[in-house]
Amino acid sequence: VNLAAFSQQDPQFTNNMYYKLGVNPGYAGTEGTINGIIMNRYQWSGGEGAPVTLVFSADAAIDAFGAPGGIGLNIVSDKLGYFNFSKVNLNYAYHKTVGLGKLGIGLSLGVVNSEINPDKWVSTDDVFNGTEGGTGDPWIPQTEASQLGLDLGAGLYLSSTKYFLGASVTHLNQANLKYSDLATAYLARHYYLTGGYNIKMSDPLFELRPSFLFKTDLAGWQLDLNTNIVYNDRFWGGLTYRVQGAVALLMGMEMENGLRFGYSFDLTISKLASYGYGSHEIFISYSLNLEKNRNQKYKSIRFL
């Protein structure tokens, strides 16, 4: 029996510094608040079969098993051509104070559901010229098919008042998804390294916050280099350079009650740039510190 493996990569996010739980369960609860975020990404907007990703995520600090820690929830819907990929996972992190700051040691457990709809097949030659048709490919199911799989992940997240550093792995068990005798997929293991630093400017109202995200599945890699300038802990703007991929503009603001809005636009600089498609990403998030009087001015601790 011949098998074909066509694994889907993890979705990418330009505003990854605001959605760390998506790749690192060690982050859960490290802010000491209750956080929630909804994020929507339209990649290569306008291209036939282009990826559309919707995320809901929440985390909170808790005391469990006689030790400080955090819990989190991720719900992800990712659509790409004839693929519909959804994931739900629960996260737990054990927190320990070390000499360099707070260390979160996390695990995630969840399920993924991968669906194939051959009626929406768009070939690699036709993704950007708007044509559709049947698959005509024996390695791809000719009728709708879906598969469930167990999904595991792990991560370490170190943070202080000035910096953060994280290392994590998703799809640790590389779940196999069998749609038919000929069509078999698997979730490729992904490795992540993240970090960032807060730099006070000469004007105390301004802060420079550079960060990076490195991702690899050992077959390919991606590196995002980001710099945000934040004014009065409430307004930000910045740039991201995705190596050999895109340049992005980021902007956003945070209300005094902990409500935050953000937007980014990616300008493609790879070979896809000739098609003229860019990527849009928007998010809304909320952070609640139960230990503070709600009449007091809220101060973000998003970057620990």
Side-chain angles (χ1 to χ4, degrees), residues 9-13 15-37 39 55-76 87-112 150-175 187-198 209-218 221-224 226 283 285 287-289 300-304:
Q9 300 295 308
D10 284 351
Q12 65 183 22
F13 297 101
N15 291 284
N16 53 75
M17 68 293 297
Y18 296 105
Y19 180 45
K20 300 171 188 170
L21 187 66
V23 299
N24 193 334
Y27 171 77
T30 54
E31 292 185 12
T33 59
I34 298 175
N35 305 303
I37 185 171
M39 182 176 290
V55 167
F56 171 77
S57 180
D59 73 288
I62 63 167
D63 287 324
F65 310 110
I71 56 172
L73 169 69
N74 285 308
I75 302 176
V76 180
K87 175 177 72 172
V88 178
N89 67 29
L90 298 174
N91 303 263
Y92 170 75
Y94 165 72
H95 296 167
K96 181 176 179 59
T97 300
V98 296
L100 296 175
K102 179 189 291 186
L103 178 63
I105 304 171
L107 295 172
S108 69
L109 171 65
V111 293
V112 297
L150 181 69
D151 195 33
L152 303 176
L156 301 173
Y157 184 82
L158 179 66
S159 59
S160 75
T161 56
K162 291 187 176 294
Y163 72 89
F164 68 89
L165 183 65
S168 58
V169 56
T170 60
H171 314 311
L172 189 61
N173 57 316
Q174 298 196 118
L187 299 179
R189 192 176 295 140
H190 284 60
Y191 302 89
Y192 292 84
L193 184 64
T194 61
Y197 198 85
N198 298 342
R209 296 176 178 172
S211 62
F212 73 90
L213 170 67
F214 176 77
K215 174 176 72 174
T216 180
D217 62 358
L218 302 184
W221 59 273
Q222 178 179 295
L223 175 62
D224 284 15
N226 173 77
F283 76 85
S285 67
S287 296
L288 177 64
N289 190 338
S300 172
I301 56 171
R302 171 65 59 176
F303 290 88
L304 291 175

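This one's a predicted model, so the numbers in the text were calculated from it and none came from an experiment.
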Non-hydrogen atoms of [X] and [Y] that approach each other most closely:
X	Y	value
Ala60	Ile34	CB-CG1, 3.9 Å
Ala28	Gly72	CB-N, 4.2 Å
Glu31	Ser287	OE1-OG, 4.4 Å
Ala61	Gly29	CB-O, 3.5 Å

Exercise for the section: Indicate yes or no for a side-chain donor-acceptor contact from Ser57 to the backbone of Leu73 under 3.5 Å, with no hydrogens or angles considered. Expected result: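 At least one qualifying donor-acceptor pair exists.
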Distance check, rounded to the nearest 0.5 Å: [X] atom [atom1] versus [Y] atom [atom2]?
X	Y	atom1	atom2	answer
Leu107	Ser168	CG	OG	12.0 Å
Leu21	Ile71	CG	CD1	10.5 Å
Asp224	Met17	CG	CE	8.0 Å
Leu223	Phe212	CG	CZ	8.0 Å
Leu193	Leu156	CG	CG	11.0 Å
Asp217	Gln222	CG	CD	10.5 Å

Practice task
May I ask you to check whether Tyr19 and Phe283 place their ring centres under 6.0 Å from each other?
Solution key: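 Centroid distance Phe283-Tyr19: not below 6.0 Å, so no.
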Are any non-hydrogen side-chain atoms of [X] and [Y] less than 4.5 angstrom apart?
X	Y	value
Thr33	Leu288	no
Leu158	Lys102	no
Val169	Arg189	yes
Asp59	Asn91	no
Asn173	Asp151	yes
Tyr92	Leu109	no
Thr194	Asn16	no

Problem - CA sep, side-chain torsions, deciding dist, call: Tyr191, Leu218, side-chain contact (heavy atoms from CB on, under 4.5 Å) - result: CA-CA 8 Å; Tyr191 302 89; Leu218 302 184; 3.8 Å; yes
Exercise for the section: Indicate the ring-plane relationship of Tyr197 and Tyr163, choosing parallel, tilted or perpendicular according to the 30° and 60° boundaries. Expected result: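 Correct class here is parallel.
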Exercise for the section: Could you check whether the rings of His171 and His190 sit parallel, tilted or perpendicular, using 30° and 60° as the cut-offs? Expected result: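 Correct class here is perpendicular.
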Practice task
Kindly confirm or rule out a cation-pi arrangement of Lys20 over Phe164, judged by NZ or CZ under 6.0 Å from the six-membered ring centre and within 45° of its axis?
Solution key: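 Geometry flag: set, cation within 6.0 Å and 45°.
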Handout entry: Distance-only donor-acceptor check, side chains Thr170 and Asp10, under 3.5 Å
Key =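 Short answer, yes.
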